[in-house]
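Contents: one structure, followed by commentary.
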Amino acid sequence: MQFVEANGAQIPAIGLGTWELRGRTCARIVEQALRLGYRHIDTAQAYENEREVGDGLRASGIRRDDVFVTTKIWTNHFAPNDLERSAKESLVKLRMPEVDLLLLHWPNPQVPLAETLGALARARQMGLARHIGVSNFTVALIEEATRACPAPLVCDQVEYHPYLDQEKVRDACARNGMALVAYSPVAKGKIRTDPVLTRIGRDHRKSPAQICLRWLVQQNVSAIPRTSKIERLSENIDIFDFELSQDEMAQIFRLANPKGRLTDFGFAPKWD
Ligand SMILES: NC(=O)c1ccc[n+]([C@@H]2O[C@H](COP(=O)([O-])OP(=O)(O)OC[C@H]3O[C@@H](n4cnc5c(N)ncnc54)[C@H](OP(=O)(O)O)[C@@H]3O)[C@@H](O)[C@H]2O)c1
């Protein structure tokens with residue numbers, strides 16, 4: 001497993017996304033992923049599966065300290081006291097004394113950013129999280145957040161795949177020593193039939209998803225593909241035995257298009 005280094009954190013380059021994985025399926029997929037070599041699991045309060053993520057981790061037999069666990073605070077808990085309380089609630093559900101990475105899930109203009117970041121940094125100071133970061137932050141918000149936050153932010157988790165140009169966010173992260181963590185890294189499965197990824201894959205004996213994930217990892221990005229299928233767990237992590245050429249990387253960069261975004265950016269899904 002490769003790692004992305006960011007402001008003191010070592011983030012495994014491939015992680016397991018768990019959005020929409022629920023109940024026993026979630027626990028089973030997390031357990032299997034860890035047995036297959038995953039060491040990075042991404043959850044969130046909004047996914048309503050923190051309990052099952054914790055169950056899966058314990059069932060795997062892998063030591064807690066060997067796994068990088070991320071959770072995210074939902075936007076209705078951004079008032080300072082509320083943030084601390086809800087972070088503790090997440091830890092109770094996960095049955096862990098701390099997470100490796102605690103993120104603000106979406107920007108929330110209703111609460112002053114500096115106050116929320118102060119509370120996030122305090123959560124780290126109190127030992128609730130080893131590292132802190134943000135998600136769905138624009139370049140302007142990254143710059144504002146890094147100025148306002150009393151502790152280093154280690155990542156911005158944003159949508160990133162070949163159909164979406166994220167050069168500006170990637171550069172802003174790099175400028176601030178932060179990692180870009182790519183969500184929806186296989187474009188929610190849309191890469192499956194992509195002709196360019198399929199053709200490049202044929203040359204390397206890899207699937208379009210593997211080419212796509214390799215392209216992300218070669219940019220020093222960490223990617224968190226989600227799957228509910230055991231066989232795809234192995235597929236999505238089997239990307240460390242080949243390399244894309246500069247020309248292949250360039251061909252994949254050219255797939256970006258202005259309509260490539262899959263998330264309605266700026267709109268946080270309703271959840272409370
Ligand atoms: N911070 C945020 O606001 C935010 C937003 C969205 C997502 N996320 C995180 O990022 C994770 C990943 O994003 P995502 O779930 O939106 O999308 P994704 O990982 O790009 O795509 C998941 C979809 O792709 C399919 N898939 C997975 N591996 C595949 C493969 N090798 N070949 C073909 N299809 C494949 C899966 O189907 P099967 O299950 O049938 O394999 C599933 O339908 C989430 O689970 C969540 O942890 C964060």
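Remember, it's 1-based here, ligands and their atoms both numbered in the order they're listed. Each residue takes its place number in the sequence, starting with 1.
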Taking 4.0 angstrom as the limit and counting only heavy atoms of [X], give me the atoms of ligand 1 inside it, by number and element.
X: W106; value: 3 (O)
X: S228; value: 38 (P), 39 (O), 40 (O), 41 (O)
X: T18; value: 45 (O), 47 (O)
X: H105; value: 1 (N), 2 (C), 3 (O)
X: Y47; value: 4 (C), 8 (N), 9 (C), 46 (C), 47 (O), 48 (C)
X: Q157; value: 1 (N), 2 (C), 4 (C), 8 (N), 9 (C), 48 (C)

Just wondering, more than 12 heavy atoms not from [X] lying within 6.0 Å of its [atom1]?
X: E143; atom1: CD; result: yes
X: R95; atom1: CZ; result: no
X: N81; atom1: CG; result: no
X: Q246; atom1: CD; result: no

Counting only heavy atoms, which portion of [X] has something under 4.0 Å from ligand 1: side chain, backbone, both, or neither?
X: P208; result: neither
X: T263; result: neither
X: K72; result: side chain

Can you label the angle between the W19 ring and the Y47 ring as parallel, tilted or perpendicular, going by 30° and 60°? tilted

Any side-chain donor-acceptor pair under 3.5 Å between [X] and [Y]?
X: E248; Y: H204; value: yes
X: E50; Y: S90; value: yes
X: Y38; Y: N236; value: no

Could you state the interatomic distance from CD (E48) to CD (E20), rounded to the nearest 0.5 Å? 12.0 Å

Can an N or O of [X] be found at a distance shorter than 3.5 Å from an N or O of ligand 1?
X: A209; value: no
X: P225; value: no
X: V186; value: yes

Residue, atom name and distance, where the atom is the protein heavy atom closest to [atom]:
atom: atom 12 (C) of ligand 1; value: I224 O, 3.1 Å
atom: atom 2 (C) of ligand 1; value: Y183 CE2, 3.2 Å
atom: atom 28 (N) of ligand 1; value: N236 ND2, 3.1 Å
atom: atom 17 (O) of ligand 1; value: S184 CA, 3.3 Å
atom: atom 44 (C) of ligand 1; value: W19 CB, 3.5 Å
atom: atom 23 (C) of ligand 1; value: K188 C, 3.6 Å
atom: atom 41 (O) of ligand 1; value: T227 OG1, 2.5 Å
atom: atom 40 (O) of ligand 1; value: K229 NZ, 2.4 Å

Tell me the nearest of R226, R232, H161, Q210 to atom 43 (O) of ligand 1, using heavy-atom distances. R226

Please answer whether the main-chain N or O of F137 pairs with a side-chain N or O of D156 as donor and acceptor at a distance below 3.5 Å. yes

Checking side-chain contact (heavy atoms from CB on, under 4.5 Å) for the pair I14/H40: CA distance, chi angles, key distance, verdict? CA-CA 7 Å; I14 291 288; H40 173 183; over 6 Å; no

4.0 Å heavy-atom contact, A187 with ligand 1: yes

Pair D194-Y163, side-chain hydrogen bond (donor to acceptor under 3.5 Å, both in side chains): steps then yes or no: CA-CA 10 Å; D194 186 279; Y163 306 128; 2.6 Å; yes

Would you kindly check if the NZ (Lys) or CZ (Arg) of R214 is within the cone defined by 45 degrees around the ring axis of F242 and under 6.0 Å from the six-membered ring centre? yes

